[in-house]
Amino acid sequence: MKKKLLYISLLLASILGYSQTCPTLSSPMSGDTDVPVESTLSWNAVEGVTGYQISIGNAAGGTEWADHIAVGSATSFTPPTGLPENRVLHITITLFFFDRPDIECPAGSFRTEDVVIRPSCGVIRSPADGATDVNAATTIGWNYIPKATGYRIAIGTSMGGEELLPLTDVGNVLSYLPTAELPLETEIFVRIIPYNENGPALGTCTEFSFTTGERAVLPGCTNLITPANGAINVPLTPLIEWTAVPGATGYLVSIGSSPTVNDVIDNAAFTNNSTFVIDFDPNRTFFITIVPFNDAGLALECQQQSFSTILGCGPFFDSVTGELVDLAPEIDFPDTVSFCQNQIPYTVQTEDTAEGFRWYKVESNGNEVLLSSTSEVSLTETGNYRYEAYNTVSQDTNIIECTSSKEFNVVASEIATITNVSAGPGQNGTIAITVQASGIGDYEYALGSSDGPYQDSAVFTNVPLGSYTIYVRDKNGCGIAETNFDQDLTVDGFPTFFTPNGDGVNDFWQFVPPLATGEVNVRSIFIFDRYGRFIAQLDPLAQGWDGNSNGTPLPSADYWFKAIGLKNEEIKGHFALKR
């Protein structure tokens, strides 16, 4: 259940910079030049990492442009105010863990473009253009403008006016909070002019306006009660509860898997100070922002908070043992299971250690039918199946299953039926024995002993002349078939050629009994051409074959014979017809 992973190996890997433990830039690639300043930085994911932090500097390990900004489990980051131009930037990705030290990973470096054009005009983000009843203490925010390195802002009570703020350089930021409250129930005009070293935005930038409301008191911010900010091992379906704020009529809640992405809840409004969230992912950090609001507007400068869910089934690092723990059971099960036709139903039992088991039949449409919930199952048909083992884990108030599974195929088998054994000429006076067997099994063959050795080939070569017992064994254990084979025929009694030219010498091809015994131990002989077409059948006591077929002389070529002995044994060979 525990797979060893020495903590020291991770530290050494991070110190030595092994690529398998640290991410590298995937966009832009390390070494790229002319990288647009508005680029999004991406890197490859690292398995088992809780979260990432990104730093951007002028040298390796530097943080001048971004200092350990947490992005959760996201593998990309878009600098909110862009990248500096015409500069070599070094990227450091920090691997964040709950239960062991962070690992600093140099991810690569690249050079940004030399910006030679002015930026475009700015666009107000908040308050929205034309908004009414805006709080007099509102912050004015705008969108990032590609290639801008700073912004100038003017605020007035009339179009083109600067009564409240003369055109002021506020630097490379995306918001401005006026030093004093804006006048009540007044239309406010705002100009935002981006600039860079090439100059301010070209042309006349659009002026935006909004109208403030009556004096009102904004609500204050709130804090998480459960789970507490920074909590770990939070249940996967937790009650999210926060402090009630006096004067607040509701709360905007955003939850995401990174500080910049609200992929769980996005600005959902709640009138109460709690809510359930169903099925968080395990072993993840989630970032939550809660903003109270009332008729005066939204609470200002509310901070983002975070918590981390339970580890789930793992694998996760055990800081006590220094091992990687996986709560799912280890399973060892074959890809194929075979049963014999005469053994139905066939019982399969697992030797794996687990709290529970399930066996499923996988139908042709992909549906699964549960067959058993014990460590064994009875099989009655071939097909596709799935075996599952599980452990249950109690984490807080939840009981979860940690499962491992294996798909396998069930095939049927049976003992072989030996249908024929034949012999042909071998080398140096030996014979080659060929076995023919039928059946649905997967068979192997042995000569002389049921204990083998067995071979996959059904042909035995260079076998001395004699009598043998032949064994055919089913590889799936359904049994061994056997037959006796007596071979007292040799190719010595069959001429290797004849010349049917009418000269009275070798005009016929026929079996010649051995001189030692004179015994005719052949019952019949069959002759075929090289394509296996039957030509003639000979009586071994007759004159023999004259080289004709239906009265037509056949051409010079090799021809084949099969002789049947007195004990039904066979021998095959070939000879030449020469004209």
Side-chain angles (χ1 to χ4, degrees), residues 80-81 121-145 151-194 201 204-224 240 242-256 260 262 265-275 288-305:
T81 57
C121 286
V123 177
I124 196 170
R125 183 181 69 251
S126 64
D129 186 28
T132 59
D133 291 326
V134 175
N135 187 272
T138 188
T139 296
I140 298 172
W142 53 91
N143 295 326
Y144 165 66
I145 300 300
Y151 302 85
R152 298 185 179 98
I153 181 173
I155 307 174
T157 56
S158 61
M159 185 172 295
E162 299 182 359
E163 299 90 343
L164 303 177
L165 179 70
L167 189 62
T168 300
D169 187 344
V170 295
N172 194 16
V173 297
L174 300 179
S175 64
Y176 174 74
L177 177 63
T179 56
E181 285 190 358
L182 301 173
L184 300 175
E185 300 180 83
T186 303
E187 186 173 11
I188 306 299
F189 295 84
V190 178
R191 279 180 294 142
I192 303 168
I193 303 175
T204 301
C205 290
T206 302
E207 196 166 31
F208 306 96
S209 70
F210 57 88
T211 302
T212 55
E214 298 177 351
R215 181 175 299 278
V217 178
L218 291 175
C221 291
T222 184
N223 291 297
L224 281 172
I240 308 295
W242 55 92
T243 303
V245 174
T249 58
Y251 305 87
L252 294 180
V253 178
S254 297
I255 304 177
T260 58
N262 298 327
I265 295 177
D266 187 12
N267 254 5
F270 295 90
T271 56
N272 298 320
N273 62 317
S274 65
T275 182
I288 180 169
T289 302
I290 305 171
V291 181
F293 64 86
N294 60 17
D295 292 340
L298 302 176
L300 302 176
E301 306 295 330
C302 292
Q303 299 299 307
Q304 190 175 69
Q305 298 175 289

query = Taking it one step at a time, do Tyr176 and Thr168 satisfy side-chain contact (heavy atoms from CB on, under 4.5 Å)?
reply = CA-CA 11 Å; Tyr176 174 74; Thr168 300; over 6 Å; no

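- Inter-residue side-chain proximity for Pro183 and Leu164 is flagged as met; some heavy-atom pair is nearer than 4.5 Å.
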query = Run the side-chain contact (heavy atoms from CB on, under 4.5 Å) check on Ile153 and Trp142 step by step: do they pass?
reply = CA-CA 10 Å; Ile153 181 173; Trp142 53 91; 3.9 Å; yes

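- Side-chain atoms of Ser175 and Ser126, non-hydrogen and from C-beta on, never get closer than 4.5 Å to each other.
- Although no hydrogens or angles enter the test, the distance criterion places no donor-acceptor pair under 3.5 Å between the side chain of Glu162 and the main chain of Gly160.
- Residues Ile288 and Trp242 have side chains not in contact (no heavy-atom distance under 4.5 Å, counting atoms from C-beta outward).
- Contacts of Ser158 classified as side-chain hydrogen bond (donor to acceptor under 3.5 Å, both in side chains), with partners at least two apart in sequence or in another chain: Glu163.
- In this structure, Gln304 CD and Ile255 CD1 are separated by 11.0 Å, a value rounded to the nearest 0.5 Å.
- Listed here is the closest heavy atom pair of Val123 and Phe208: CA-CZ, 3.8 Å.
- A distance of 11.0 Å separates OG1 of Thr157 from CD1 of Ile155, quoted to the nearest 0.5 Å.
- The side-chain heavy atoms of Asp129 and Ser209, taken from C-beta on, include a pair separated by under 4.5 Å.
- Ile290 places none of its side-chain heavy atoms less than 4.5 Å from the side chain of Asn273.
- Considering all non-hydrogen atoms of both residues, Ala299 and Gly220 come closest at CB-O, 3.6 Å.
- Between the Ser254 side chain and the Asn267 main chain, a donor and an acceptor come within less than 3.5 Å of each other.
- Interatomic distance, Ile192 CD1 to Leu174 CG, rounded to the nearest 0.5 Å: 10.0 Å.
- At least one donor-acceptor pair under 3.5 Å links the side chain of Thr222 to the backbone N or O of Thr243.
- Listed by chain and residue number, nothing satisfies the salt bridge (charged side-chain N to carboxylate O under 4.0 Å, His left out) test with Glu187 (two or more places apart in sequence, or in another chain).
- One distance of note links CG of Leu182 with CD1 of Ile140; it measures 6.0 Å at 0.5 Å rounding.
- The distance from atom OG1 of Thr206 to atom CD1 of Ile193, rounded to the nearest 0.5 Å, is 11.0 Å.
- Listed here is the closest heavy atom pair of Ala137 and Leu300: O-CD1, 3.5 Å.
- Between Thr249 and Asn294, the side chains place no donor N or O within less than 3.5 Å of an acceptor N or O (distance only, hydrogens not considered).
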query = Under the side-chain contact (heavy atoms from CB on, under 4.5 Å) criterion, do Phe270 and Ile240 qualify, and how do the steps go?
reply = CA-CA 12 Å; Phe270 295 90; Ile240 308 295; over 6 Å; no

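- Residues Tyr251 and Val245 form a side-chain contact, since some pair of their non-hydrogen atoms from C-beta on lies under 4.5 Å apart.
- Rounding to the nearest 0.5 Å places CG of Asn135 at 9.0 Å from CG of Leu184.
- Side chains of Val173 and Tyr151 form no contact here, defined as non-hydrogen atoms less than 4.5 Å apart.
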